[in-house]
**Student:** 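Please see the structure below; I have some questions.
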Amino acid sequence: MDFIVAAALKAIKYLYNTDITSADINLQETRKEFEGQVTIVTFPFTRFSKKSPEQTGSEIGAYLQNELSEVAGFNVIKGFLNISLADDHWLNQLYTEILPDDFAVFKPNGQKVMVEYSSPNTNKPLHLGHVRNNLLGFSVAEILAAAGYEVIKTNLVNDRGIHICKSMLAWQRWGDGETPQSSRMKGDHLAGKYYVLFDREYKIQIEALKADGQTEEEAKKNAPLIKEAQQMLQQWEAGDPDVKKLWQTMNTWVYTGFAETYKKLGVSFDKFYYESDTYILGKDIIDEGLEKGIFFRKEDNSVWIDLTADGLDEKLVLRSDGTSVYMTQDLGTAQLKYNDFHMDKSLYVVGNEQDYHFKVLFLILQKLGKTWARGLYHLSYGMVDLPSGKMKSREGTVVDADDLMAEMEQTAKEQALAKGKIDAFSEDEKLHLYHIIGMGALKYFLLKVDPKKRLLFDPNESVELEGHTGPFIQYTHARIKSVLKKAGALEKSKAAAYQILAAEERDLIVALTRFPEIITLAAEAYSPALVANYIYELAKNYNKFYHENPILQAADEPSKQFRLLLSSAAGKVISKGMKLLGIEVPERM
RNA sequence: GCACUUGUAGCUCAAUUGGAUAGAGCACCUGACUACGGAUCAGGAGGUUAGGGGUUCGACUCCCUUCAAGUGCACCA
């Protein structure tokens, strides 16, 4: 559409002798209820045209029609100049832009971006909140890669700390040697079982102490179980061989379980970082900050930064006993990641309850003079709520990731069997299809929503498979494939004689041309939702076209071949777009 | 209490970043070639964009204010 903007600039120079930039021209898609495909908003021009918005629009429209062969006509409604481009133009777009294999393929932009996501704790299985995180992170990585970035996907595993010791301690006490093999449980679920068990016993102890007259706070501190867990953490840090061995054993169970879940989710990582390695990092940065006078030491030897001038608080960066806090580690880890990859940008896909933490983290790094800190970005997303409220792992009120995926596949299976179209599938093909559709529904459901909004999930109402859903789009793809298959080999040359477009055909081409722009926008906004909503609109456009225009039964050969070409183009964009969301599309369903 | 985020149809979400009569899906009602694949399509009904004020030719969008919800304000991670 650049040529229209350029011509409009010329028009304004010619008509009103005014120089403006392309950014001043508001070009948008024409609303369906009006004639035309592109619209220029003319209100802003009245400042120098000294004429009504209508008249200004008419003058520019007339100039454009005169100047550009592509402009077939125009109309002006209020301050909106609606331009109709000739069918020639759209046919040309289809043949020279959309159909070639390099459509929407971006050249490498020379920039490196790191996407850190997932970042699980190794004391319990993944739940719905993690699912949103994983899908978001993976999809954003795909989108950035499509937009020309070199992407490094990382996972910072939280594999140490008091919470891990809780699972370990409970297993030691009550586990009776239970293993994933002996219990036939996934390793992460087994660890989670003991985490819940710890919490239950811990609560009982707290109640007992409170009955003895202690306050809630005292009881929480004095319960024997928590003291033991703390002791275990100290042993771990001291390198106690027995504790380390237990830790390694249980972590291995958990990793095996996670690997399975990640595989089902379809996500992957290029590099793992482990907090057991990184938790000691950051001390160098503390020294650096003290030298530069950015941090200060209090009498008790603790180290702080004063951010009150930036509207934030004083923040502790090192404890009085010289040990690290969360912030210390994250400062160190950020430096480590940069040293490893020298990336231009670095995304942290982390829930919005940590907004403040990342604000402070990035600010500190900037104050320390790290030029790369400008490339840091917290991709903050909203929590997933249940109708009953927030999910709490400790209390077992969570939607488990593995259970959820299994349920989705089950729903997909029931639907597919009810439709009765896949009887010819082999058993493997069927299972694969249930997986694709179940996951397609789940992924689309979670990704179509703006990441920063919180999401309500009702486990009692299964995720929809009709309407604005993943399976709707998957179905459209399967239908396109079915028509193409029945048609046999495409004969592109025969389509050339087709020159006059039906409205639905034109609309479909217009929608297809937007795909590259959508990738750019989604990459800039880090928003898979833009892609999801675009692909939905595209699929709707196709379905409308499909209903109004016979393809295989078309009146003549050029119409038929042209519509087949158009269908094939739509199928490709749907498939590519869904891939950016991490969703597969089936050939049949 | 202070800070940040959110508030759009009964429900779940959009709205090209300040543009036209605020659009979709679900649910509800009506209709579609005896299926080029009906997991589809066409139509109906459903809105004071939480309330109030302001800026603007123009506000769901920006500013002020009230209300509601969520989150954060640990020498936990």
Side-chain angles (χ1 to χ4, degrees), chain A residues 26-34 39 41-44 46-47 52-53 77-80 82 121 158 160-164 275 279 298 300-304 311-313 315-321 323-327 329-330 351-357 359 380 382-383 385 389-390 412 415-416 418-419 421 437 441 445 448-450 452-458 461 464-469 471-476 478-483 486-487 514 517-518 521 525 529-530 532-534 536-537 539-540 543-544 546-554 560 563-564 567 588-589:
Chain A
N26 187 343
L27 198 71
Q28 51 191 278
E29 216 177 317
T30 305
R31 294 205 162 207
K32 334 191 234 303
E33 59 265 39
F34 302 103
T39 294
V41 184
T42 63
F43 289 107
T46 57
R47 202 166 19 103
S52 71
I77 295 162
K78 296 194 211 164
F80 299 90
N82 301 320
N121 292 338
N158 187 350
R160 54 140 248 135
I162 191 76
H163 49 290
I164 316 280
E275 283 201 11
Y279 83 103
K298 289 194 177 173
D300 68 356
N301 220 30
S302 58
V303 181
W304 297 74
L312 305 174
D313 305 315
K315 188 82 189 172
L316 176 88
V317 292
L318 196 70
R319 291 196 192 101
S320 48
D321 64 3
T323 58
S324 302
V325 289
Y326 182 35
M327 188 59 75
Q329 292 175 39
D330 263 11
N352 62 9
E353 75 270 13
Q354 295 200 34
D355 284 354
Y356 185 77
H357 172 74
K359 213 177 195 174
S380 164
M383 296 288 99
D385 287 322
K390 205 185 165 182
Q415 282 299 310
K419 308 277 178 200
K421 294 180 196 166
I437 294 179
F445 176 79
K448 76 173 179 186
V449 182
D450 184 342
K452 68 173 176 285
K453 292 198 178 179
R454 45 193 267 268
L455 208 84
L456 186 78
F457 183 85
D458 189 345
E461 278 180 41
E464 295 284 343
L465 305 182
E466 290 172 11
H468 188 180
T469 65
F472 166 88
I473 297 166
Q474 291 172 318
Y475 174 78
T476 306
R479 168 193 257 176
I480 290 170
K481 285 292 174 182
S482 168
V483 174
K486 284 196 178 153
R514 292 195 62 208
E517 173 200 344
I518 295 293
L521 287 172
L530 295 179
N533 287 308
Y534 164 75
Y536 173 65
E537 287 302 322
K540 276 214 301 190
N543 284 330
K544 190 174 258 187
Y546 174 92
H547 268 268
E548 298 299 322
N549 302 279
I551 301 172
L552 298 175
Q553 316 296 334
K560 175 177 163 186
R563 287 170 189 160
L564 285 169
S567 298
R588 291 187 292 160
M589 64 187 273

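So you know, we letter chains A, B, ... as the sequences are listed, proteins then strands, and number each from 1.
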**Student:** Can you check whether A:Y546 stacks with the B:C36 base, using ring centres under 5.5 Å and planes within 30°?
**Tutor:**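 Aromatic stack with B:C36 present for A:Y546.
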
**Student:** Suppose you measure atom C1' in B:A14 against the same atom in B:C26; what distance do you get, rounded to whole Å?
**Tutor:** 15 Å

**Student:** Could you check B:U16 for me: syn (within 90° of 0) or anti?
**Tutor:**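 Anti, which is what one calls it when the glycosidic angle falls more than 90° from 0.
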
**Student:** Would you say the side-chain atoms of A:Y356 and A:D313 include a donor-acceptor pair closer than 3.5 Å?
**Tutor:** yes

**Student:** Determine the interatomic distance between P on B:G31 and the same-named atom on B:G54; round to the nearest Å.
**Tutor:**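 Looking at atom P only, B:G31 and B:G54 are 49 Å apart.
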
**Student:** Let me know, please, whether A:V325 or A:E548 comes out on the 5' side of the other along RNA chain B by nearest nucleotide.
**Tutor:** A:E548

**Student:** Between A:K448, A:R454, A:K452, which is the residue that forms a salt bridge (Lys or Arg N to Asp or Glu O under 4.0 Å) with A:D450?
**Tutor:** A:K452

**Student:** So does A:Y475 get a side-chain nitrogen or oxygen closer than 4.0 Å to the phosphate oxygens (OP1/OP2) of B:A39?
**Tutor:** yes

**Student:** Are the side chains of A:Y534 and A:L521 in contact, using a 4.5 Å heavy-atom criterion?
**Tutor:** no

**Student:** 5'-most contact on RNA chain B: A:Q415 or A:K540, nearest heavy atom basis?
**Tutor:** A:K540

**Student:** Can you tell me if the side-chain N/O atoms of A:R319 get under 4.0 Å from OP1 or OP2 in B:C76?
**Tutor:**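 For B:C76, OP1 or OP2 has a side-chain N or O of A:R319 closer than 4.0 Å.
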
**Student:** If we take the C1' atom in both B:G19 and B:U56, what is their distance in whole Å?
**Tutor:** 12 Å

**Student:** Set out, in order, the CA-CA distance, both residues' side-chain angles and the distance that settles side chain to side chain contact (heavy atoms under 4.5 Å, CB included) for A:H468 and A:N533, then state yes or no.
**Tutor:** CA-CA 9 Å; A:H468 188 180; A:N533 287 308; 3.2 Å; yes

**Student:** When rounded to the nearest Å, what value does the distance between C1' atoms of B:C33 and B:A42 take?
**Tutor:**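 Approximately 13 Å lies between the C1' atom of B:C33 and that of B:A42.
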
**Student:** Say we look at B:U40 and B:A24: how far apart would their P atoms be, to the nearest angstrom?
**Tutor:** 16 Å

**Student:** Roughly how many Å apart are B:G72 and B:A77, using the C1' atom of each and rounding to a whole number?
**Tutor:** 15 Å

**Student:** Which value, in whole Å, describes the distance between the C1' atoms of nucleotides B:A45 and B:G7?
**Tutor:**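 B:A45 and B:G7 have their C1' atoms separated by 25 Å.
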
**Student:** Can you check the A:H547 NE2 to B:A35 P distance for me, whole Å?
**Tutor:**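 Atom NE2 in A:H547 sits about 14 Å away from atom P in B:A35.
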
**Student:** Among B:A39, B:G25, B:C36, which nucleotide has an atom closest to any side-chain atom of A:L552?
**Tutor:**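 When the side chain of A:L552 is considered, B:C36 is the closest of B:A39, B:G25, B:C36.
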
**Student:** Rounding to a whole Å, what distance do you find between A:I473:CD1 and B:G25:P?
**Tutor:** 13 Å

**Student:** Measure the distance from CD on A:E353 to C1' on B:A77 and round it to the nearest whole Å.
**Tutor:**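 Checked: the CD to C1' distance equals 11 Å.
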
**Student:** Show the distances under 3.5 angstrom between N or O atoms of the protein and N or O atoms of nucleotides 11-22 of chain B.
**Tutor:**
| residue | atom | partner | partner atom | Å |
| --- | --- | --- | --- | --- |
| B:A14 | OP1 | A:D450 | N | 2.6 |
| B:A14 | OP2 | A:K453 | NZ | 2.9 |
| B:A20 | OP2 | A:R31 | NH2 | 2.6 |
| B:A20 | N6 | A:T39 | OG1 | 3.1 |
| B:A20 | N6 | A:N82 | OD1 | 3.1 |
| B:A20 | N1 | A:N82 | OD1 | 3.2 |
| B:A20 | N1 | A:N82 | ND2 | 3.3 |
| B:U21 | OP1 | A:K78 | NZ | 2.5 |

**Student:** Would you indicate, yes or no, if B:G38 has its OP1 or OP2 atom less than 4.0 angstrom from a side-chain nitrogen or oxygen of A:R479?
**Tutor:**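 So the side chain of A:R479 is within the cut-off, an N or O lying under 4.0 Å from OP1 or OP2 of B:G38.
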
**Student:** Given 3.5 Å as the limit, does a donor-acceptor pair link the side chain of A:R319 with the main chain of A:V325, or not?
**Tutor:**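 Looks like no, no N/O pair under 3.5 Å.
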
**Student:** Without swapping roles, check the side chain of A:T46 against the backbone of A:T42 for a donor-acceptor pair under 3.5 Å.
**Tutor:**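 It does not hold such a pair.
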
**Student:** What interatomic distance, in whole Å, is found between C1' of B:A27 and the corresponding atom of B:C64?
**Tutor:** 39 Å

**Student:** Touch check for A:Q329, heavy atoms < 4.0 angstrom, all strands: base, sugar-phosphate only, or nothing?
**Tutor:**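 Sugar-phosphate, backbone atoms only, no base.
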
**Student:** The side chain of A:N543 is closest to which nucleotide in this list: B:C75, B:C41, B:G37?
**Tutor:** B:C41

**Student:** With sugar-phosphate meaning primed atoms plus P, OP1 and OP2, does A:N549 contact a base, only sugar-phosphate, or nothing at under 4.0 Å between heavy atoms?
**Tutor:** base

**Student:** Have a look at A:A554 and say if it touches a base, only the backbone sugar-phosphate, or nothing, with a 4.0 Å heavy-atom cut-off.
**Tutor:**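 Answer is nothing: A:A554 stays at 4.0 Å or more from every strand.
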
**Student:** Under 4.0 Å from OP1 or OP2 of B:G37: is there any side-chain N or O of A:K419 that close?
**Tutor:**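 Answer is no, no contact under 4.0 Å.
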
**Student:** Looking only at non-hydrogen atoms, find the nearest pair between A:L316 and A:S302 and report the distance.
**Tutor:**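 Looking at all heavy atoms of both residues, the shortest contact is CD1-CB, 3.8 Å.
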
**Student:** Could you check whether A:K544 gets within reach of a base, just the sugar-phosphate, or nothing at all, counting any heavy atom under 4.0 Å?
**Tutor:** sugar-phosphate

**Student:** Give a yes or no answer on whether the side chain of A:S482 reaches the backbone of A:A478 with a donor-acceptor pair at less than 3.5 Å.
**Tutor:**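 Answer holds: no.
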
**Student:** Rounding to an integer number of Å, can you tell me how far A:K315 NZ sits from B:C73 P?
**Tutor:** 7 Å

**Student:** So what does A:E537 touch, heavy atoms closer than 4.0 Å: a base, only the sugar-phosphate, or nothing?
**Tutor:** nothing

**Student:** To the nearest Å, give me how far apart CZ (A:R47) and P (B:G58) are.
**Tutor:** 16 Å

**Student:** Counting heavy atoms from C-beta on, name the nucleotide in B:U5, B:G37, B:A77 closest to the side chain of A:H163.
**Tutor:**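 Among B:U5, B:G37, B:A77, the one nearest the side chain of A:H163 is B:A77.
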
